[in-house]
Participant: 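Below you'll find the structure I mean.
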Number of protein chains: 2
Amino acid sequence: MKQKITLKKIAKEFGVSISTVSKALKDSHEISSEVKEKIQAFAKYYHYKPNSLALNLRNQKTKTIGVIIPEIVHHFFTKVITGIEKLANEKGYNVMICLSNESYEKEVLNLDMLANGVVDGIIASVAKETESKEDYRHFTELINNGIPLVMFDRVVDEIECNKVIADDKGGAFLATEQLIKNGCSNIALVTTPDYVTVGLERKEGYLKALKEFQIPENIELIVTIDDQKSIEDQLSFLFRGNNIPDGIFAVNEIYAATVMKVARKFGYSVPEDVEVIGFTDGLISEFTSPSLTTVAQHGRSMGQKALELLLDEIDSQEAHYQYKTNLIQTDLKIRNSTKKVQLQN
Amino acid sequence: MKQKITLKKIAKEFGVSISTVSKALKDSHEISSEVKEKIQAFAKYYHYKPNSLALNLRNQKTKTIGVIIPEIVHHFFTKVITGIEKLANEKGYNVMICLSNESYEKEVLNLDMLANGVVDGIIASVAKETESKEDYRHFTELINNGIPLVMFDRVVDEIECNKVIADDKGGAFLATEQLIKNGCSNIALVTTPDYVTVGLERKEGYLKALKEFQIPENIELIVTIDDQKSIEDQLSFLFRGNNIPDGIFAVNEIYAATVMKVARKFGYSVPEDVEVIGFTDGLISEFTSPSLTTVAQHGRSMGQKALELLLDEIDSQEAHYQYKTNLIQTDLKIRNSTKKVQLQN
DNA sequence: TTTTCTTACGAAAACGTTAGAGTGAATTTT
DNA sequence: AAAATTCACTCTAACGTTTTCGTAAGAAAA
């Protein structure tokens, strides 16, 4: 194993001081060109690179940013990461990814670890468990410690920091509106428990659309999925009564894809009998049959924007930095789970 | 912004030396219990945590491992990461993820960056571009610098290091064999260019099965996909001639899902007219219709095994460490894109 | 009483780097 | 010739921690 080359070793080699070497490599005018040249040549030959750990310690920064996400096996989050990573690389930052696995405890642990000087700032989307516990002290403490934080997608109102969210309500409205304009009047919603903020937002968008088009809301058409149990079973009852929905809006891809599966099982065809719209950036939508009309979330843009805000805060010298909340537009990606109706606008 | 609390500050508070504080917090017997108690109480109250950067520098290790993957928007890789991350957390390691985006240059950059003391070891899957260039000097240099490296999935034979690979050939054999036993005799292969090692392995498994069952191989049934062009277009010709395949084995999920889409477009139904098997751990397979029979790769196990090997090497003191190559078994996950034939074994 | 041994702490080096302050010698200015 | 300036370096502190070594004071042993 080749020993790492350091300033000290180079200094010894030439019988000069460490600072001379350091300055020579920085092309300082304090050093004679003769000495500079030989030192630089030597350093180049041995691939000298300043030790990052030493620089981190000295500069009190790591040029690394931490990302905490609930799940990585999730297309939306990987899209966000792609956005973060790309910009980070351009700006010379590394990305450290931590998974909370939707667990409060692990989120706290991750935050704790990252806060300890490992990263210059953090981008996070909060775990479902944390949302249900409503305990956000770990985030507050982070901010008190002066570590820049940007929340994305699943954000919490009580925390003051930069935020990036998708226009969940708007997207849900768009989807529901589309179903209505396509002629649906008995529109079901498949959603998450209310503590999942994005689910709640999307439900509100759905309700808003119903109201605007004067369709009475019907509790029986709102299915709240418990992820612990079989999704298919929970969806079955939608197709059992004598009031089968003609349109279904699902707040994520899995729910939407599953709903189509169940509909087919009950002998209904999509989109002829039931139209379905999902909410996602996911891959599945393209490959279901029929392919799934969805509300696109633009995960990459979210990631990129989140990092922009973070770097903005990191670089900011202002005593009273003004936090921003950035809304990423969502829009409909029409595929084949909805009818191709000529809309007269 | 609350100032970070350090040993120095605690020392000042009590008018003792830094070393006393350090020792007190470590419960050293050299310090009187009286002093220890008050220092510990104080430290606890102010949430003292040793600064990671300083520890990194002093210990010459970071308790962080780097992972370089070609793509994160890819279910297989996220599974691997999940496996790595879980074990890493148990062992007190952090995970730093870098994306090469299949680019040689970015892979070199990432490696360079990680090599500089940022991580204690690296787990990598090589970029397609690197595979096609066959230039692996950046990996060699890494090893020369004494940084433990584990390659997974897309590994390179020339590099001596720990490796974890899926039994690609075996899995492909299994898939092809299944098709044959189901009665297919005109079996197509949809694969990547040969420089993608895993693609090549899978092709070999396919060929081996054909040979073993004495089915002549037919060049016309082997489609090599160029990812730059439309996948659908490249697959169309399979269904145009008068020699339509009755079985198709695709080396990944997207190809398999697309093949089904194209088959349907040409009026063939799966699995009645054509049976299809993919190779993946992906999510899509469950939601296509019919759902896709696949060769499961066990990404999580790969990730976990890769980290095990890495930690093994990191912890190893031996001058001549013996590298291992670990083969992760693959197996068939039968869904509905293949016929349910009663096999008489 | 002198020597040895504990006890309880402090000093210093080390990890690798940077940057400001210092220094002796040569050169220029007055 | 004395004073000031420039040159080309070196020294030192600092980032925060750990750990080995040193040492003063008091206790125990001789």
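Each chain gets a letter, A, B and so on, in the order its sequence line appears, and its residues count up from 1.
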Participant: Starting at CG of B/N116 and ending at P of C/dG16, how long is that distance when rounded to a whole Å?
Facilitator: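 Interatomic distance, CG of B/N116 to P of C/dG16: 12 Å.
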
Participant: Rounded to the nearest Å, what distance is computed from the CZ atom of residue A/F14 to the P atom of nucleotide D/dC9?
Facilitator: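 In whole Å, D/dC9 P and A/F14 CZ are 12 Å from each other.
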
Participant: Rounded to the Å, how far apart are A/K49 NZ and C/dT17 C1'?
Facilitator: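 The distance from NZ of A/K49 to C1' of C/dT17 comes to 15 Å, rounded to the nearest Å.
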
Participant: From CD of A/E34 over to P of D/dC7, roughly how many Å is that when rounded to an integer?
Facilitator: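 So the two atoms are 16 Å apart, to the nearest Å.
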
Participant: Hey, which of these two, B/K36 or B/A54, hits DNA chain C nearer its 5' end, going by closest nucleotide?
Facilitator: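 The residue closer to the strand's 5' end, by nearest nucleotide, is B/K36.
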
Participant: List the steps, then state whether side-chain contact (heavy atoms from CB on, under 4.5 Å) holds for A/I84 with A/R300.
Facilitator: CA-CA 7 Å; A/I84 294 175; A/R300 278 186 68 117; over 6 Å; no

Participant: According to ring pair (Phe, Tyr, Trp, His ring centres under 6.0 Å), who are the partners of A/F14, at least two apart in sequence or on a separate chain?
Facilitator: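 A/F14 satisfies ring pair (Phe, Tyr, Trp, His ring centres under 6.0 Å) with A/F42 once adjacent residues are dropped.
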
Participant: May I have the distance from A/I31 (atom CD1) to D/dT6 (atom C1'), rounded to whole angstrom?
Facilitator: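 Atom CD1 in A/I31 sits about 14 Å away from atom C1' in D/dT6.
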
Participant: With a 4.0 Å cutoff (strictly under), does any side-chain N or O of A/K4 reach OP1 or OP2 of C/dG16?
Facilitator: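 For C/dG16, neither OP1 nor OP2 has a side-chain N or O of A/K4 closer than 4.0 Å.
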
Participant: Enumerate the protein-to-nucleotides 18-22 of chain D contacts in which both atoms are nitrogen or oxygen and the separation is below 3.5 Å.
Facilitator:
unit_1	atom_1	unit_2	atom_2	d
D/dT18	OP1	B/K26	NZ	3.0
D/dT18	OP2	B/S22	OG	3.1
D/dT18	O4'	B/R58	NE	3.3
D/dT18	O2	B/R58	NE	3.1
D/dT18	O2	B/R58	NH2	2.4
D/dT20	O4	B/K23	NZ	3.2

Participant: Once ring pair (Phe, Tyr, Trp, His ring centres under 6.0 Å) is applied, do any residues pair with B/Y136, and if so which ones, sequence neighbours excluded?
Facilitator: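 None.
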
Participant: Check the distance between C/dA19's P and A/L57's CG and give it to me in whole angstrom.
Facilitator: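 After rounding, the reported distance stands at 14 Å.
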
Participant: To the nearest angstrom, how far is B/K61 atom NZ from D/dT17 atom P?
Facilitator: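 The distance from NZ of B/K61 to P of D/dT17 comes to 18 Å, rounded to the nearest Å.
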
Participant: Look at the rings of B/F152 and B/F76 and say which category their plane angle falls in: under 30° parallel, 30 to 60° tilted, over 60° perpendicular.
Facilitator: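 Answer is tilted, since the angle falls between 30° and 60°.
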
Participant: May I ask you to verify if any side-chain N or O of B/Q60 is less than 4.0 angstrom from the OP1 or OP2 atom of C/dA14?
Facilitator: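 So the side-chain polar atoms of B/Q60 never come under 4.0 Å of the phosphate oxygens OP1 or OP2 of C/dA14.
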
Participant: Salt-bridged, A/K86 to A/E90, with N to O below 4.0 Å?
Facilitator: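 Salt bridge flag = yes for A/E90 with A/K86.
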
Participant: Which one, C/dA8, C/dG16, C/dC15, comes nearest to the side chain of A/K8?
Facilitator: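 The answer is C/dC15.
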
Participant: Heavy-atom distance under 4.5 Å between the side chains of B/N162 and B/M151, does that happen here?
Facilitator: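 Sidechains of B/M151 and B/N162: no contact.
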
Participant: In whole angstrom, what separates B/K12's NZ from D/dT17's C1'?
Facilitator: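 Rounded to whole Å, this separation is 18 Å.
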
Participant: Would B/E308 and B/K324 pass as an ion pair if we require N to O under 4.0 Å?
Facilitator: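 Result for this pair is no, no salt bridge flagged.
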
